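Remarks on the structure that follows.
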Amino acid sequence: MRLFAAVLPPAHPLGQLAERMGRLRELPDADRLRWTGPDDWHFTLAFYGEVPEEALPELQERLGRAAHRCAAYELRIAGGGRFGDRVVWAGADGDRPAMRRLADAAEAAGRRAGLPMGEHRPYTPHLTLARKRTGRLDLVPYAAALAGFSGSAWTVTELALMRSHPPAPGVPGSRPRYEPLARWRLEG
Ligand code: 3AM
């Protein structure tokens, strides 16, 4: 099963972001992007890829330990950016060093559980809002429309293990569905 670790923002900041996203969806060519919605929104901490069933108990055990070591922290959804011409995302402000420590701990949990984690990349906290479908599209105006956005702060108190169900093959507009499998309180 396809798994990743994430931070799930609460309803209020998600609603604020949804309101701002209205502006982005009015930009020219917005229909050439595949948009995500508040039900999907999360900050990925670490991506585990396809995890065999038998590796799940150890991954959960390791994630539980990671959450035990990491402290709760303040976060807000703020600003935004793009990954090249592929992805438009909203960013995070607040205790970013604590977010990075949590992401590092989630990545280390995967590695210690024996999962092939790939190379370690610098962590960019982001919440994916849209992905390009096809062709060339300048995403700068979308990122610019998020400049100055700052949602309400909240305290991140949990780490979630998420399952990603792939989109239905051959169904236009079909999106992956995300399901929380387990959550742990941050207790460090
Ligand atoms: O929602 P975001 O974009 O933060 O991009 C994928 C998504 O994160 C990411 O994992 C999350 C759940 O699917 N993802 C998918 N394939 C990936 C890969 N090969 C990946 N991240 C890193 N490497």
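This one's a predicted model, so the numbers in the text were calculated from it and none came from an experiment. In each ligand, atom 1 is the first atom listed, and ligand 1 is the first ligand listed.
Contacts between His42 and ligand 1, counted as non-hydrogen atom pairs separated by less than 4.0 Å, involve the side chain only. Looking at Arg131 against ligand 1, only its side chain comes within 4.0 Å, counting heavy atoms.
When all heavy atoms are compared, the tightest approach of Arg111 to Met117 is N-CG, 3.6 Å.
An N or O contact shorter than 3.5 Å links Thr128 to ligand 1 by distance.
Taking every non-hydrogen atom of Phe4 and a distance limit under 4.0 Å, the qualifying atoms of ligand 1 come out as 12 (C). For ligand 1 and His126, the ligand atoms under 4.0 Å from any heavy atom of the residue are 2 (P), 3 (O), 4 (O). Listed by number with element, the atoms of ligand 1 under 4.0 Å from a non-hydrogen atom of Arg2 are 15 (C), 16 (N).
Between Arg136 and Asp85, no side-chain nitrogen of the basic residue sits less than 4.0 Å from a carboxylate oxygen of the acidic one, so the salt-bridge criterion is not met.
Connection of Tyr123 to Leu8 is not established within any shared hydrophobic cluster, with ILVMFWY side chains joined at heavy-atom distances below 4.5 Å, either directly or through further cluster members.
Among protein heavy atoms, the minimum distance from atom 11 (C) of ligand 1 is reached at Thr44 OG1, 3.7 Å.
In this structure, of Phe43, Phe47, Trp41, the residue bringing a heavy atom nearest to atom 17 (C) of ligand 1 is Phe47.
Just one of Phe43, Tyr178, Phe47, Tyr48 meets the ring pair (Phe, Tyr, Trp, His ring centres under 6.0 Å) condition when paired with Phe4; it is Tyr178. Under the side-chain contact (heavy atoms from CB on, under 4.5 Å) test applied with Ser164, the options Glu179, Arg2, Arg177 reduce to a single match, Arg2.
Residues Arg32 and Arg133 form no side-chain contact, since every pair of their non-hydrogen atoms from C-beta on lies 4.5 Å or further apart.
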